Amino acid sequence: MSQIPSAYWLVKSEPDAFSWAQQQANDIEPWTGVRNYAARNHLRAMRVGDLCFFYHSNQGRQIVGIVRVVRAAYPDPTATEGDWSAVDMQAVATLPEPVTLATMKQDPALAGLDLLRQSRLSVMPVRAAHWHHICALGGLPDQARPQRGKRSPPAR
DNA sequence: GCCAACGTTGGC
DNA sequence: GCCAACGTTGGC
């Protein structure tokens with residue numbers, strides 16, 4: 001199993017339904033319930049070792065943590081019909097300073113971020129430059145920051 | 001609670 | 001294949 005991310009992503013969850021605290025408590029969690037074709041296709045493009053921002057939608061409206069893909073796409077066990085996929089995610093790091101939607105909206109360095117353009121998409125890619133910029137805003141020092149081609153830090 | 005954005009459904 | 005109606009998401 002690779003520790004090297006091939007791409008970066010952002011996944012959303014309403015904290016009422018599934019929160020960052022629950023993700024951390026469970027450590028590894030199946031990411032199920034996606035019922036949108038664009039989001040599903042992004043799930044299917046994820047590789048083991050890829051990293052994702054964990055975003056709290058609705059309540060919070062901020063990026064609160066980072067998860068790693070530990071199992072690539074497989075049939076979503078919660079789907080009773082249709083062709084849907086799930087992946088497994090593992091908690092990697094909490095952002096010392098959550099990065100709010102308001103902050104991201106007003107930051108010129110994050111212009112073009114999918115989160116700001118397509119607010120309804122629940123799984124989306126994140127450009128490497130945006131990834132590192134958001135990590136810095138979140139207070140993750142370089143050494144603790146998961147990045148392409150380097151070892152990822154241990155879960156905490 | 002309201003509403004804009006956008007995806008899906010179904011009639012034609 | 002087009003498009004109007006409808007449902008859902010999620011910011012405000």
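Residue numbering restarts at 1 for every chain, and letters A, B, ... go by the order of the sequence lines. Bear in mind the structure is a predicted one, so any value in this text is a computation, not a measurement.
The aromatic rings of A/Tyr8 and A/His132 sit perpendicular to each other, their planes meeting at more than 60°, with 30° as the lower class boundary.
Proximity note for A/Leu101 (side chain, C-beta onward) versus C/dG10, B/dC6, C/dC12: the nearest is C/dC12.
In this structure, the CD atom of A/Glu14 is 13 Å from the P atom of C/dT8, given to the nearest Å. With rounding to whole Å, A/Asn36 atom CG is found 12 Å from B/dC6 atom P. A/Arg61 has its CZ atom 13 Å from the C1' atom of C/dT9, to the nearest Å. In this structure, CG of A/Asp83 is placed 17 Å from C1' of B/dT8, rounded to the nearest angstrom. For the pair A/Ile63 CD1 and C/dG10 P, the computed distance is 14 Å after rounding to whole Å. A/Asn58 places its CG atom 17 Å from the P atom of B/dC3, with the value rounded to the nearest Å. Across the protein-nucleic acid pair, A/Arg35 atom CZ and B/dT9 atom C1' stand 18 Å apart, rounded to whole Å. Straight-line distance from the CD atom of A/Gln118 to the P atom of B/dA5: 13 Å, rounded to whole Å.
In this structure, A/Tyr55 reaches the C/dG11 phosphate: one of its side-chain N or O atoms is under 4.0 Å from OP1 or OP2. The side chain of A/Lys12 places an N or O atom within less than 4.0 Å of a non-bridging phosphate oxygen (OP1 or OP2) of C/dG10.
Within 4.0 Å of A/Arg117, counting heavy atoms only, lie sugar-phosphate atoms of the nucleic acid but no base atom.
Proximity of a side-chain donor or acceptor of A/Gln23 to a complementary backbone N or O of A/Met89 within less than 3.5 Å is detected.
Donor-acceptor pairing under 3.5 Å is recorded for the side chains of A/Ser85 and A/Arg44.
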Would A/Trp84 and A/Tyr37 satisfy ring-ring contact (aromatic ring centres under 6.0 Å, His included), going step by step from the backbone distance to the final call? CA-CA 8 Å; A/Trp84 302 108; A/Tyr37 290 111; 4.8 Å; yes
